[in-house]
Amino acid sequence: MNAPQPSARRAIPNRHYGQWFAAFVIVVVAALLIRSVATNEAIQWSKIGSRLFLHSIIAGLYTTILLTVASMLLGVVGGIAVAVMRLSDNFVLSRLASAYIWLFRGTPILVQILIWFNLALFFPTLGFGVLSVDTNSVITPFGAALLGLALNEAAYMSEIVRGGILAVDAGQKEAAQALGMSNGRIMKRIVLPQAMRVIIPPTGNELITVLKTTSLVAVIGAGDLLTKAQSVGAVDFTKMEMLIVASIWYLLLTTLASFGQARLERHYGRSLNRDGSTGMMSRLTGFRRPSPQTAAFNTTLESAK
Amino acid sequence: MTYDTASRSHLLDVPLMVDAQAIWKSFGHLDVLRGVDLQVARGDVCCLLGPSGSGKSTILRCLNHLETVTAGEIHIDGDLVGYREHAGRLHELKPREVAAQRRDIGMVFQRFNLFPHMTAVQNVMEAPIQVLGENKEVVRERAEALLDQVGLSSRRNHFPGQLSGGQQQRVAIARALAMEPKLLLFDEPTSALDPELVGEVLDVMRRLAADGMTMVVVTHEIGFAREVGDTLAFMDEGAIVEIGNPREVLSDPKHARTKSFLAKVL
């Protein structure tokens with residue numbers, strides 16, 4: 001065979017002794033820490049397993065998920081609207097959007113939730129004339145929590161969406177304009193779908209942040225996971241146990257959310273990465289599907305033996 | 001203007017597709033176009049040649065109102081571009097009306113600007129469906145025929161990222177043709193291509209010209225301009241310094257600036 005052959009001489013990889021030593025030290029320290037918590041007599045470990053699935057905990061879990069999903073959906077829709085306004089040539093809209101972002105990002109979310117919850121203090125009724133309703137019938141603890149989270153999230157999402165829109169090559173808009181497409185259609189059909197690739201990863205982070213931020217609504221007793229866990233814990237002096245129960249559920253939910261995010265990223269990267277091997281698991285494990293060249297090289301090595 | 005009316009006398013008895021008069025374009029204090037007159041007869045191919053920064057691309061982008069002119073008027077097929085004349089004054093058109101004007105002016109870009117999230121055939125189908133509201137199946141048939149015409153029917157389901165530069169540019173031409181334009185604008189269509197891929201794009205353009213498409217082509221391909229062009233305009237510093245039959249301009253340039261430019265590129 002006259003085809004050129006790659007050389008069979010291969011270099012010996014570097015040995016990272018330092019890494020192995022560091023890993024050993026960390027494992028020992030972690031084991032000591034875990035032992036001191038696990039054998040701590042102030043925590044009744046036996047209670048945690050049974051409390052994980054208490055009726056009220058499951059109900060709280062449901063409320064937390066509902067709050068997260070609803071405020072995230074409203075946040076994304078609102079965020080797209082605010083971002084498009086912010087980038088609009090119409091200076092009234094653009095200033096309005098800037099003011100909104102300034103206000104809702106500039107004040108703590110906890111304060112915003114408390115303001116919505118106490119809205120009845122300055123507006124006892126909403127609406128006017130015969131159409132007015134009692135504020136407290138609209139702004140329930142859940143309503144105030146949703147309003148606070150969604151409006152705050154829309155401000156954060158709008159900055160993420162704006163970044164995504166600006167990341168799309170200007171030539172894309174020009175090409176669509178040259179075809180006679182209207183601005184609305186260009187945004188919907190050409191710009192936003194491409195911006196998604198940039199928008200999705202930070203949105204996954206936002207989802208996880210919102211999921212954890214929902215625990216703040218425990219201050220207004222909105223019936224979420226933390227509210228329920230604390231109220232169970234307050235009754236029979238299992239405060240720490242119930243906080244661990246809540247943490248286990250939060251961890252489970254955030255882990256699921258990270259996996260969902262990795263799938264979405266893969267989906268939106270579809271047309272742009274050719275071998276599709278940059279998923280979350282491959283990034284975690286450092287595994288790459290071999291490129292055709294590497295595969296051919298390996299086959300050659302095999303047959304050379 | 002430095003060219004006499006005699007050189008464009010052949011335009012007088014045919015309807016003009018492009019009629020740009022005294023076009024000025026300024027970006028801040030920088031005058032990119034300084035009184036450009038450009039007439040292109042229906043069915044003609046007009047090539048714009050000149051050093052970079054001479055305003056070739058800018059005049060092209062003014063023709064479909066991607067740039068607004070600072071002064072002057074452009075008529076495409078008799079319609080004033082970007083403005084409405086009312087009681088002797090010009091009024092800006094609404095964005096919707098500008099978009100409607102662009103429907104039958106196709107444009108092909110140096111960097112292709114295909115939509116990367118759509119396959120080749122979806123790129124071609126997008127505007128007829130979204131802008132003209134045409135039936136999807138009818139458009140699909142036309143799109144496939146167009147891709148076949150540019151020699152890419154086997155690549156119709158590929159994404160732009162999976163195509164070579166020459167293939168992408170041919171898809172971009174098919175995308176422009178799908179709107180059945182009366183005028184095609186080419187902005188350095190082969191400048192971003194590897195030398196071996198230039199030919200396939202020029203072939204497609206040559207066939208379009210032979211079919212009678214009116215084209216304005218900004219290009220550095222002297223051979224193409226000589227062979228396919230009906231007129232050649234040489235631009236420098238925001239003005240057309242010489243215009244006429246490509247063979248005459250190329251073999252016997254009158255203006256000193258044209259001479260020195262051609263001496264460098266030929």
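Chain naming here is simple, since letters A, B, ... match the order of the sequence lines and numbering starts at 1 in each.
Going from atom CE of B:Met179 over to atom CZ of B:Arg142 covers 8.5 Å, rounded to the nearest 0.5 Å.
Looking only at side-chain heavy atoms (C-beta outward), B:Gln169 and B:Leu197 stay at 4.5 Å or farther from each other. A:Thr203 has its side chain out of reach of A:Gln261: every pair of non-hydrogen atoms, C-beta onward, lies at least 4.5 Å apart. At a threshold of 4.5 Å between non-hydrogen side-chain atoms, the residues B:Met215 and B:Val217 count as touching.
Residue-environment remark: CZ (B:Arg206) exceeds the threshold of 12 foreign heavy atoms within 6.0 Å.
Salt bridge B:Glu97/B:Arg84: present, at least one basic N to carboxylate O contact under 4.0 Å.
For A:Arg189, the parts lying under 4.5 angstrom from a heavy atom of chain B are both the backbone and the side chain. Proximity to chain A is limited to the side chain of B:Phe109, based on heavy atoms less than 4.5 angstrom apart. Residue contact with chain A, scored on non-hydrogen atoms closer than 4.5 Å, involves the side chain of B:Glu126 exclusively. With a threshold of 4.5 angstrom between heavy atoms, B:Arg175 approaches chain A through its backbone and through its side chain. Only the backbone of B:Ile105 has a heavy atom closer than 4.5 Å to any heavy atom of chain A. Only the backbone of B:Leu114 comes within contact range of chain A, judged by heavy atoms closer than 4.5 Å.
Within residues 158-181 of chain A, the residues that have a heavy atom under 4.5 Å from a heavy atom of chain B are A:Asp169, A:Gly171, A:Gln172, A:Glu174, A:Ala175, A:Ala176, A:Gln177, A:Ala178, A:Leu179, A:Gly180, A:Met181, listed by number.
Among the candidates B:Ala176, B:Pro181, B:Ala99, the residue making the largest number of heavy-atom pairs closer than 4.5 Å to chain A is B:Ala99.
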Which is it for B:Asn157 and B:Thr119 under the side chain to side chain donor-acceptor pair (under 3.5 Å) test, yes or no, and what are the steps along the way? CA-CA 5 Å; B:Asn157 292 323; B:Thr119 61; 4.6 Å; no
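What you find for A:Ser71 and A:Val210 is that their closest heavy atoms are OG-CG1, 3.7 Å. Of all heavy-atom pairs between A:Met157 and A:Gly75, the closest is CB-O, 3.5 Å.
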